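Keep in mind that this is a model prediction, so the values were computed, not measured.
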Amino acid sequence: MRETDLTLEIIGKGNSLAPFSARECSQTLSPISQDILRRTINGVLVSVGHRGHQKFQSTISCKDKAPPAFEGMWKGTRLKVGCLQPMTQIVSAQSKKVQLEREALSLHLYEQSGKAWPIDSPQDRWVSIPQNFPGGFLTYRPVLIMIVKNYTFETDEWGLTVGWKLELEEE
């Protein structure tokens, strides 16, 4: 039995989630403010940011019985994060293939009514959409290469819990 869907791999070292260190975790995922909004000569507001700079920041927090294996992990350490937070995109009825923005850990295709459709694993982040799909949504949990910005531990001796919080930014 897996304790969590979250995966945290310290690149070059391996999985950092020790047993009983990552149950009931929560994750926030938010865009990093890199885009600059400007008005055109006609007064239309447009983004002049570069698409390659569209990255995420994330905070993962958890309270459990043991700490994760963060020994030797410092600010700037690279992590491969299998996110808890899913991403969803619209899939039109005319779509034959959909490209994911990020690598996927898990993948689900649903029509507007909520009915699930079978789907194959992506090939180079391209997902083939079944024929006769009436349109709906593709939901996946992204895998992100992230850099450690900060982390904290907290221990409640009498409550027998260890809490931790990890702040990350996409590479």
Can you tell me if CG on Asn132 sees more than 12 non-hydrogen neighbours from other groups inside 6.0 Å?
no
Are the side chain of Arg102 and the backbone N or O of Val143 linked by a donor-acceptor pair below 3.5 Å?
no
Show which residues join Phe137 in its hydrophobic cluster (side-chain heavy-atom contacts under 4.5 Å, direct or indirect), or state none.
Ile90
Kindly check if the number of other-residue, nucleotide or ligand heavy atoms within 6.0 Å of NZ (Lys149) is above 12?
yes
Is the side chain of Thr7 donor-acceptor paired with the backbone N or O of Gly82 at a distance under 3.5 Å, no angle test?
yes
Any Leu8 side-chain heavy atom under 4.5 Å of Ile60 side chain:
yes
Determine, using the 4.5 Å side-chain heavy-atom cutoff (strictly less than), whether Ile145 and Met73 are members of one ILVMFWY cluster.
no
Contact between Asp64 and Val162 at the side-chain level, heavy atoms closer than 4.5 Å - yes or no?
no
Hey, are the side chains of Val127 and Leu138 touching, using non-hydrogen atoms and a 4.5 Å cut-off?
yes
A side-chain contact here means heavy atoms from C-beta on lying under 4.5 Å apart; do Gln27 and Ser58 qualify?
yes
Minimum heavy-atom separation for Lys97 to Ser128, with atom names?
CE-OG, 3.8 Å
Going by the side-chain hydrogen bond (donor to acceptor under 3.5 Å, both in side chains) test, which pairs reach into residues 107-117, not counting sequence neighbours?
Glu111-Ser113, Glu111-Trp117
Report yes if some heavy atom in the side chain of Met87 is under 4.5 Å from a heavy atom in the side chain of Phe56; otherwise report no.
yes
Is the backbone N or O of Leu6 less than 3.5 Å from a side-chain atom of Thr4, with the two atoms forming a donor-acceptor pair by type?
yes
For Leu168, which of Ile147, Thr77, Leu79, Asn150 qualifies under side-chain contact (heavy atoms from CB on, under 4.5 Å)?
Leu79
If we only count heavy atoms from C-beta on, is the Lys96 to Phe133 side-chain gap below 4.5 Å?
no
Validation row: Met146, Lys80 side chains within 4.5 angstrom (heavy atoms):
no
Under 4.0 Å between a side-chain nitrogen and a carboxylate oxygen: does that hold for Glu154 and Lys63?
yes
One thing to verify: whether Glu171 and Arg78 come together as a salt bridge, which I'm taking to mean a side-chain N less than 4.0 angstrom from a carboxylate O.
yes
Are the side chain of Arg141 and the backbone N or O of Asp5 linked by a donor-acceptor pair below 3.5 Å?
yes
Taking the side chain as every heavy atom from C-beta outward, state whether Leu144 and Lys55 have any pair of such atoms under 4.5 Å apart.
no
Answer yes or no: is there a donor N or O on one side and an acceptor on the other, between the side chain of Thr40 and the main chain of Asn42, under 3.5 Å?
yes
Would you find a donor on one side and an acceptor on the other, under 3.5 Å apart, between the side chain of Asn15 and the backbone of Leu17?
yes
